[in-house]
Amino acid sequence: MLMALAALLCPATMTAQKTSTVCNADGTVTFRYKNDHAREVMVDVQFAGRQPMTRDAATGLWTATLGPAAPDMYPYCFVVDGVSVADPLCEQYFPNEGFKNSLLEIPARAGHLPHDIRSVPHGRLEYIHYYSQSLHATNNAVVYLPPSYMTERERKFPVFYLISGTTDTEEVYYKVGRVNYILDNLLAGNAAEEMIVVLPYGNPFKLLPFTPSMGMMPQMNFGGDVFSNDLVNDLMPYIEAKYRTINDRDHRAIGGFSRGGNQGLMNGLTHLDLFSYLCSYSSFTSTDIPGVYDNAADTNGKLHLFWLGVGTDDFLYGTARDYMEFLDKKGIRTVKVFTNDKYGHTWMNAKYFLGKTLPLLFRPEAAERAMAKGVPAPAATGNEPAFTPGVMARMFPVPIISPEYGRDAITFRFKAPQAKQVMLQTELADQPIAMERDTAGVWSVSLTDNVFETFEYSFLVDGTQVADPNNMYLSPCRGFKPSIASHPFGPYSMAVMGDVKHGPTGYDVEQQEAWYIAPMPHRGARPVFVQLVPGKNHTMESWFKVGGANAIADKLTADHKTAPCILTTSKLDFLRNGNGPHPDFKIITLRADDYPTWAARRKALEKVLLELKK
């Protein structure tokens with residue numbers, strides 16, 4: 001099992017027919033990409049920037065060898081005739097509201113990296129949904145439970161709220177930041193305390209209808225905003241009611257990367273009655289928080305740890321350094337850590353900082369030793385990288401809304417000023433649908449059929465298949481990953497369910513299994529097991545992230561239209577007696593490949609769940 005997992009995560013162990021990247025012995029990486037339609041191809045990887053690729057006329061492969069680079073995980077994509085394209089042969093991807101990058105993993109040449117998936121006890125990841133009174137909608141988060149949470153049933157645990165950066169989703173600290181594996185490895189070496197880690201979605205504005213009062217960039221609001229209100233008034237109470245947590249300030253930590261670092265510091269410093277461990281990774285926050293900066297003795301007495309890390313080549317370094325100096329002048333104690341070799345404002349830095357702070361959380365003596373060694377901020381030189389309007393414009397370009405959902409239509413848009421033809425390809429249409437170009441180079445088309453269905457789609461840009469860069473929802477397929485269109489007011493939309501109970505969904509990477517446990521009416525209820533078999537090109541996540549299996553079960557359970565159930569991609573061997581199911585358990589199997597579309601699969605699952613009540 002572990003060897004198979006290593007083969008999945010280390011491209012160097014795979015054959016040329018199955019991967020686009022080869023990690024060479026000298027630390028360089030060879031990128032290969034097949035596209036017979038392209039006139040020009042470049043590879044854009046975080047350790048080398050955007051570099052040209054050369055086409056071999058005999059094989060048709062575009063290739064480039066770059067580096068050497070330090071062992072780590074690096075986002076990358078191919079740029080085909082000016083259009084960014086994720087690697088269609090890479091299963092690992094960067095969850096993001098905008099860009100669609102793949103992930104390259106360069107393995108250590110000796111020993112292990114902190115984020116490696118090792119043969120140690122692993123914690124459990126649960127995807128949760130909860131009704132937020134602050135949003136008047138359903139929000140979501142990811143929760144890491146340490147290995148002993150499942151075995152020591154009476155034990156309670158401290159909680160670390162860890163927030164991703166601007167445009168990141170709640171999955172990024174798991175799929176890119178590897179917080180669960182970093183912590184698994186530290187726990188195996190007794191180098192950290194067991195804790196629950198909660199990964200909130202840092203931009204709940206994406207879940208709300210846009211209003212002019214939000215401003216042009218509401219995701220940059222901090223403090224008394226929707227995120228902060230949801231965190232303190234909705235998410236934290238939900239976590240403390242559902243999980244076995246220690247609910248006092250000495251056992252709560254908060255932090256994050258980039259915008260998430262700002263959100264973490266702002267909420268931590270304005271709620272010193274709730275948090276005593278604060279971590280900022282590549283960030284800073286407001287210098288106007290009443291009662292905090294001008295009352296250093298009280299603030300220092302309430303904080304076990306105030307940890308600040310940033311790269312000297314980060315575009316936020318200048319502002320982060322200024323904030324550190326401000327704290328020094330106010331007499332606020334901090335730990336300051338700097339890097340200069342992780343390419344600036346990157347997730348290589350975020351992982352590194354995480355590995356430095358996790359061993360200090362909920363260990364007051366270790367935290368105090370670190371705080372006692374704190375040094376003043378480095379003196380300003382005047383040449384520090386700065387967060388300029390140009391950087392702002394690059395990070396937050398004028399948004400293109402796609403898909404845009406109307407009452408009777410869905411409009412898809414894609415910006416490609418140099419393209420000769422762009423077409424929309426969906427699983428609900430036999431042939432690609434032509435799109436029209438406007439004077440700004442934005443191609444669009446509206447569909448009026450199947451408006452409330454959930455389906456996969458992509459764009460064909462001069463023959464190259466591309467996911468929608470403006471849609472944060474990607475189908476977790478093997479190979480090319482199309483986008484997911486899902487109407488926010490569809491029959492099984494989480495947004496319109498209201499205040500109902502939701503069952504958690506968990507993904508086990510090592511076993512390649514997904515589980516959903518519906519809300520049970522009472523202790524001792526015996527659920528029916530529904531085995532969801534992924535299709536040929538699907539992953540363990542597909543039945544849930546595209547098929548919406550958990551949303552369907554949540555809704556039917558809330559409406560009392562189905563019986564208690566567990567949905568899983570597991571083979572359920574432990575419930576089988578010989579070649580058949582155990583007589584004490586009922587197992588129903590649905591195979592994705594028995595149905596042509598996700599719409600048909602959802603209808604089949606709905607029928608199965610409705611029949612459980614009969």
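Every heavy atom of this structure was used, including side-chain atoms; hydrogens, water molecules and symmetry mates were not. None of the values given here were measured: they were computed from a predicted structure.
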Asn203 (side chain) donor-acceptor with Asp168 (main chain) under 3.5 angstrom: no
Would you please test Trp543 and Arg601 for side chain to side chain contact (heavy atoms under 4.5 Å, CB included) and show each step? CA-CA 9 Å; Trp543 265 107; Arg601 292 169 193 133; 3.8 Å; yes
Residues Glu193 and Leu183: closest non-hydrogen pair is O-CD1, 4.3 Å
Hey, does Leu361 have a side-chain heavy atom less than 4.5 Å from the side chain of Arg363? no
Parallel under 30°, tilted from 30 to 60°, perpendicular over 60°: which one fits the rings of Phe452 and His487? tilted
Residue pair Pro476 / Val546: nearest heavy atoms and the distance that separates them: CD-CG2, 3.9 Å
Between Thr245 and Asn247, is there a side-chain donor-acceptor contact under 3.5 Å, judged purely by atom types and distance? yes
Is it true that Glu606 and Lys555 make a salt bridge, defined as a side-chain N closer than 4.0 Å to a carboxylate O? no
With Tyr516 as partner, the option from Asn550, Thr505, Asp554, Thr569 fulfilling side chain to side chain donor-acceptor pair (under 3.5 Å) is Asp554
Is there a side-chain contact between Leu308 and Val337 in this structure, where contact means two heavy atoms from C-beta onward sitting under 4.5 Å apart? no
In terms of relative ring orientation, are Phe275 and Tyr161 parallel, tilted or perpendicular, with 30° and 60° separating the classes? perpendicular
Trp598 and Arg602: CA distance, side-chain angles, deciding distance, side chain to side chain contact (heavy atoms under 4.5 Å, CB included) verdict: CA-CA 6 Å; Trp598 280 110; Arg602 280 191 299 278; 3.5 Å; yes
Check: Arg155 main-chain N/O paired with Arg244 side-chain donor or acceptor under 3.5 Å: yes
In Å and rounded to the nearest 0.5 Å, what is the CD to NZ distance from Glu91 to Lys481? 6.0 Å
If you compare all heavy atoms of Ser286 against all heavy atoms of Tyr293, which two are closest, and at what distance to 0.1 Å? O-OH, 2.6 Å
Would you please say whether a donor-acceptor pair under 3.5 Å links the side chains of Gln133 and Asn233? no
Go through it in stages, so that I can follow the logic: the residues are His345 and Leu316, the test is side chain to side chain contact (heavy atoms under 4.5 Å, CB included), and I'd like the CA-CA distance, side-chain angles, deciding distance and then a yes or no. CA-CA 8 Å; His345 200 70; Leu316 291 183; 3.4 Å; yes
Would you please indicate if the ring centroids of Tyr238 and Tyr130 are separated by under 6.0 Å? yes
Partner of Asn262 under side chain to side chain donor-acceptor pair (under 3.5 Å), picked from Asn267, Thr285, Thr166, is Thr285
What I'd like to find out is whether the side chain of Phe353 reaches to under 4.5 Å of the side chain of Ser280, using heavy atoms alone. no
Kindly say whether Gly260 contributes a backbone atom to a donor-acceptor pair with the side chain of Ser258 at under 3.5 angstrom? no
Centres of the Tyr181 and His115 rings: under 6.0 Å? no
Could you check whether any side-chain heavy atom of Cys565 comes within less than 4.5 Å of a side-chain heavy atom of Leu612, counting everything from C-beta outward? yes
Is the closest side-chain heavy-atom distance between Tyr405 and Pro488 below 4.5 Å? yes
For the residue pair Asn349 and Thr339, confirm or rule out a side-chain donor-acceptor distance under 3.5 Å. yes
For the residue pair Phe157 and Tyr149, does the interplanar ring angle fall in the parallel (under 30°), tilted (30 to 60°) or perpendicular (over 60°) class? tilted
Taking the side chain as every heavy atom from C-beta outward, state whether Asp234 and Asn139 have any atom pair closer than 4.5 Å. no
Close aromatic pair by centroid cut-off 6.0 Å: Tyr352 and Tyr281: no
Taking Ser134's backbone N and O only, do any of them form a donor-acceptor pair with Asp230's side chain (distance below 3.5 Å, no angle check)? no
Classify the angle between the aromatic ring planes of Tyr507 and Phe544 as parallel (below 30°), tilted (30 to 60°) or perpendicular (above 60°). perpendicular
Heavy-atom donor-acceptor pair, Asn471 side chain to Ile484 backbone, under 3.5 Å: yes
If we only count heavy atoms from C-beta on, is the His502 to Met494 side-chain gap below 4.5 Å? yes
Using a 4.5 Å cut-off on heavy atoms from C-beta on, say whether the side chain of Pro121 contacts that of Asp184. no
